[in-house]
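Heads up: the structure comes next, in structure tokens.
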Amino acid sequence: PKAILLKDYVAPAWWIDTVDLSFDLHEGETIVTARLGIRRNHEVPRGPLVLDGQELELLSVAVGSRPLGPDDYACTPDHLTLNDLPDDGAVVEMVTRIHPESNTALEGLYKSSGNYCTQCEAEGFRKITYFQDRPDVMATYRVRVEANRQAYPVLLSNGNLVDQGDAADGRHWALWEDPWPKPCYLFALVAGKLVHIEDRYRTRSGRDVALRIYVEPGNEDKCGHAMESLIKSMRWDEEAYGLEYDLDIFNIVAVGDFNMGAMENKSLNIFNTKYILARPDTATDTDFLGIETVVAHEYFHNWTGNRVTCRDWFQLSLKEGLTVFRDQQFSADMNSAPVKRIQDVTRLRQVQFAEDAGPTAHPVRPESYIEINNFYTPTVYEKGAEVLRMYHTLLGAAGYRRGIDLYFARHDGQAVTTDDFLAAMRDANPDRAVDWDQFRRWYAQAGTPAVSGEGTYDAPSRTYRLTLRQTLAPTPGQPDKRPMLIPVSMGLVGPDGRDLPLKLAGEDEAVTGTRVLALREAEQDFTFTGVAASPVPSLFRGFSAPVKLSFDYTDADLTFLMAHDSDPFNRWEAGQTLAARLLLGLVADRAAGHDMIVPASFVDAIGQTLSRAGEDPAFTALALTLPSENYLGQLMGVIDVDGIHAARELVRGTIGRSHRASLLATYHGNAGQGAFSVSPEAIGRRAVKNAALAYLMAAGDGEGRALALAQYRTATGMTDVIAALALIADSDMPERADALSAFAAKWRQEPLVMDKWFMIQATSARPETLAEVRALLSHPGFNIRNPNKVYALIGAFTGNAVAFHAAGGAGYEFLADRVIELNRLNPQVASRMAKAFARWRNYDAERQAAAKVALERVAHTPDLSRDVYEIVSRSLE
Ligand code: HT7
Ligand code: ZN
């Protein structure tokens with residue numbers, strides 16, 4: 001397969017201004033008639049109209065009223081090419097036949113639980129009709145959908161419903177019109193037997209918007225939280241960004257078969273049910289928070305993505321990085337900002353730092369791809385959001401907002417680039433001394449910068465010199481890197497635990513609290529004057545840049561920051577750094593054949609954290625959580641799978657035994673909270689209670705087990721049920737099998753709840769896990785064609801640090817089999833699963849050999865999709 005390159009971008013030879021589509025949905029086939037109003041693009045040399053198409057059966061083509069014969073056009077499996085079109089424009093009409101009922105790739109038009117739905121981003125529209133399937137071609141759409149009324153009573157598309165009626169043979173039709181020009185990836189159609197809940201929102205300029213959420217019958221009572229989240233998002237976007245909704249209707253449809261989380265199609269968002277359906281007894285707090293974030297994310301795309309879209313797919317982060325940053329800001333405002341930041345950074349480190357360190361590393365704005373679906377990555381999304389956060393940090397809230405306002409003033413209705421975005425930020429802030437050319441490297445250079453440093457205090461001159469160094473390791477295709485512009489949000493913490501005034505040499509005024517330094521050189525000194533006492537520096541407050549910091553802190557400095565840093569993120573960070581240091585020390589001891597001994601000072605520090613649980617339960621729950629096995633693995637040259645697991649379990653057990661009394665007090669003090677609520681406070685209390693329960697279980701005696709069992713049997717909310725069941729499922733308790741089967745018997749009709757059941761079994765560290773996962777492939781609730789099931793069982797298993805990477809390579813062999821099977825059915829899902837192999841070179845020689853055999857087996861599979869080929873070939877390079 002051939003790579004597509006950013007440098008090859010050329011504007012299309014023809015524009016398509018209007019699209020008239022007619023869908024005739026029949027069992028066994030769908031006939032699509034497309035009328036495209038085309039116009040020559042006089043800014044590029046004259047050329048043919050080349051339309052993309054995939055798996056289409058072309059029935060007829062006409063230009064204006066003139067039918068074309070086979071000699072008048074060229075049709076290949078991927079393209080339809082028309083020559084000699086009139087310069088002053090024309091209407092091209094094409095009729096095609098497609099088969100949504102046999103579409104297992106879930107791209108284009110397909111069926112989920114008998115209902116028709118679409119997924120066109122990134123390049124799925126070409127599976128519906130011939131089109132210039134690229135985001136810089138923006139058109140207005142008129143869509144007629146016709147189907148059997150009884151089987152498909154609901155017929156939806158983008159924009160406004162302008163007409164509807166009956167047709168012959170028990171059929172009916174609806175006509176939709178979207179007045180806003182959009183790229184074809186935002187096209188959507190739904191036809192099915194669905195019910196809806198409805199609400200209204202009045203925008204601040206007085207537009208009344210009808211809000212509807214469509215679901216399969218029986219799920220109406222699980223849509224309330226999504227609707228509340230939508231209304232909150234609409235209000236927040238007006239208040240925080242001055243952005244208002246632009247149509248009278250906003251529809252959401254939830255479907256059970258969906259490759260990703262959701263899709264922002266104009267006024268007709270289509271969601272994975274996972275991000276809509278929630279009731280306290282079926283969904284966990286994580287699910288409720290995920291729904292709030294994803295509903296907001298898709299809604300926010302209405303401006304950042306839809307009104308202003310991407311010129312080409314290399315610019316994907318233009319909309320995704322910005323929209324993730326916006327949804328992070330929103331969720332921080334709706335909940336606890338520090339807790340949200342800690343969760344976001346934990347995820348970034350877990351998945352994006354890992355990506356940046358492996359064979360699929362790529363810049364936020366990639367320069368080449370084989371299959372664009374492989375680039376919906378943590379780098380484009382989450383690192384992209386960090387880039388937005390850095391604009392915000394460097395420009396301040398007001399400067400950032402000026403930039404955003406200018407971006408919309410300049411580009412509303414256009415398809416643009418990340419350079420256009422940067423130019424708007426720059427031009428709106430002419431007084432800011434930011435080196436924008438250097439800042440631009442965040443889009444262009446892959447890899448996670450490593451920042452190291454030290455500080456020296458000189459008492460006689462009352463100066464503190466902070467030295468910071470940055471390096472950026474080579475990544476595939478980028479051997480040489482240049483220094484980045486790194487915003488370092490920081491403070492100096494005095495011996496009394498308070499922030500000292502900050503005055504750099506040569507400055508007149510001191511700043512108290514936090515300030516932002518610009519680290520621009522490979523090595524740079526910052527000299528602070530008038531520093532009354534030797535400070536402990538607090539660096540990268542709020543995680544002001546996506547870097548790996550190693551600073552010469554003593555353990556005592558870290559314990560001090562854990563207790564005193566005014567920045568909550570860095571209080572948490574100090575604890576994590578200390579824990580990682582300790583755990584890696586134990587792993588090294590074990591590898592050297594020494595006993596692992598957990599230092600009392602660390603156990604005491606955890607005791608301190610626990611004693612403050614009442615002040616902020618949600619924060620305490622995070623502070624009590626040790627770095628994950630996968631994250632610890634990233635910190636090692638060669639990952640010691642068993643050593644990391646043994647060390648972490650030892651520390652968890654020691655904490656459980658040493659702090660039994662306070663853990664029990666924390667557990668009981670946060671249980672029984674009255675009426676169920678998903679307020680941040682209630683979620684925080686459940687989180688700390690379940691963190692305490694996990695430590696009590698880790699203590700390894702009857703007390704924790706009895707508590708877990710009692711919680712599992714009596715809890716009514718899914719958060720508590722699953723927290724207890726996960727602990728039981730990861731144990732050898734005699735009640736384990738009964739608890740798991742009782743859960744499955746109770747919830748077998750609820751696919752999303754069953755996903756949790758699959759997941760907790762796949763993530764257990766027990767040695768039997770792989771055999772159990774294999775057996776679960778044949779469970780009646782499992783279906784390899786359903787992405788949620790694949791992610792819950794196979795995906796969760798690949799994230800299981802000990803079981804997937806077990807010595808002998810059986811986990812790798814299992815994954816290779818699943819990737820090969822999925823490759824035929826759903827290449828997008830197959831390639832997502834294949835990414836689990838990416839870091840195989842970081843394991844020991846025996847594991848590497850096993851992983852290589854598995855990868856090569858996948859690579860040699862006949863009919864390998866572009867999606868899987870790209871991941872596997874890069875992994876083997
Ligand atoms: N913009 C949406 C991306 C998406 C997608 C991409 C490829 C294949 C399937 C997909 N489903 C949704 C989601 C978002 O970021 O909002
Ligand atoms: Zn998005």
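Residue numbers run from 1 in the order of the sequence given. Please read these numbers as outputs of a predicted model, since none were measured by experiment. Order of listing sets the numbers, starting from 1, for every ligand and every atom in it.
For Tyr275 and Glu298, the side-chain atoms include no donor-acceptor pair closer than 3.5 Å. Under 3.5 Å, the side chains of Ser113 and Glu216 contain a donor-acceptor pair of N or O atoms.
For ligand 1, the atoms closer than 4.0 angstrom to any heavy atom of Gln119 are 4 (C), 5 (C), 9 (C), 10 (C), 11 (N), 12 (C). Atoms of ligand 1 lying under 4.0 Å from any heavy atom of Glu298, numbered from 1 in the order shown and given with element: 14 (C), 16 (O). Counting atoms of ligand 1 from 1 in the listed order, those under 4.0 Å from a heavy atom of Glu264 are 1 (N), 2 (C), 13 (C), 14 (C), 16 (O). For ligand 1 and Lys319, the ligand atoms under 4.0 Å from any heavy atom of the residue are 1 (N). Atoms of ligand 1 lying under 4.0 Å from at least one heavy atom of His301, given by number and element, are 14 (C), 15 (O), 16 (O). Applying the 4.0 Å criterion to heavy atoms of Met260 picks out, from ligand 1, the atoms 3 (C), 4 (C), 5 (C), 6 (C), 9 (C), 10 (C), 11 (N), 12 (C).
For atom 14 (C) of ligand 1, the nearest non-hydrogen atom of the protein is Tyr381 OH, 3.4 Å. Taking atom 13 (C) of ligand 1 as the reference point, the nearest protein heavy-atom neighbour is Ala262 O, 3.0 Å. Scanning all protein heavy atoms for the shortest distance to atom 3 (C) of ligand 1 gives Glu121 OE1, 3.3 Å.
Our summary of the site lists the angle at the Zn ion (ligand 2) between NE2 of His297 and OE1 of Glu320 as 110°, to the nearest 10 degrees.
Annotation: Tyr116 is in aromatic contact with Tyr152 [ring centroid separation under 6.0 Å]. In this structure, the ring of Phe314 has its center no less than 6.0 angstrom from the ring center of Phe375. Taking the ring centroids of Tyr391 and Phe325, they lie at or beyond the 6.0 Å cut-off.
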Practice problem: Go through the steps for Tyr407 and Phe421 under the test ring-ring contact (aromatic ring centres under 6.0 Å, His included), then give the verdict. | Solution: CA-CA 6 Å; Tyr407 172 65; Phe421 184 86; 4.8 Å; yes
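Among the atoms of Glu298, no N, O or S atom is found under 2.8 Å from the Zn ion (ligand 2).
Note on Asp420 versus Arg311: no salt bridge recorded, every NZ/NE/NH1/NH2 to OD/OE distance being 4.0 Å or above.
Where the criterion is an N or O separation shorter than 3.5 Å, residue side chain and backbone included, Gln828 fails it with respect to ligand 1. Here's the thing with Asn373: none of its N/O atoms is less than 3.5 angstrom from an N/O atom of ligand 1.
Within the 4.0 Å heavy-atom criterion, neither part of Glu107 lies near ligand 1.
Under the 3.5 Å distance criterion, the side-chain polar atoms of Trp180 are matched with a main-chain donor or acceptor of Asp246.
Smallest separation of non-hydrogen atoms from Leu21 and Ala34: CD2-CB, 3.6 Å.
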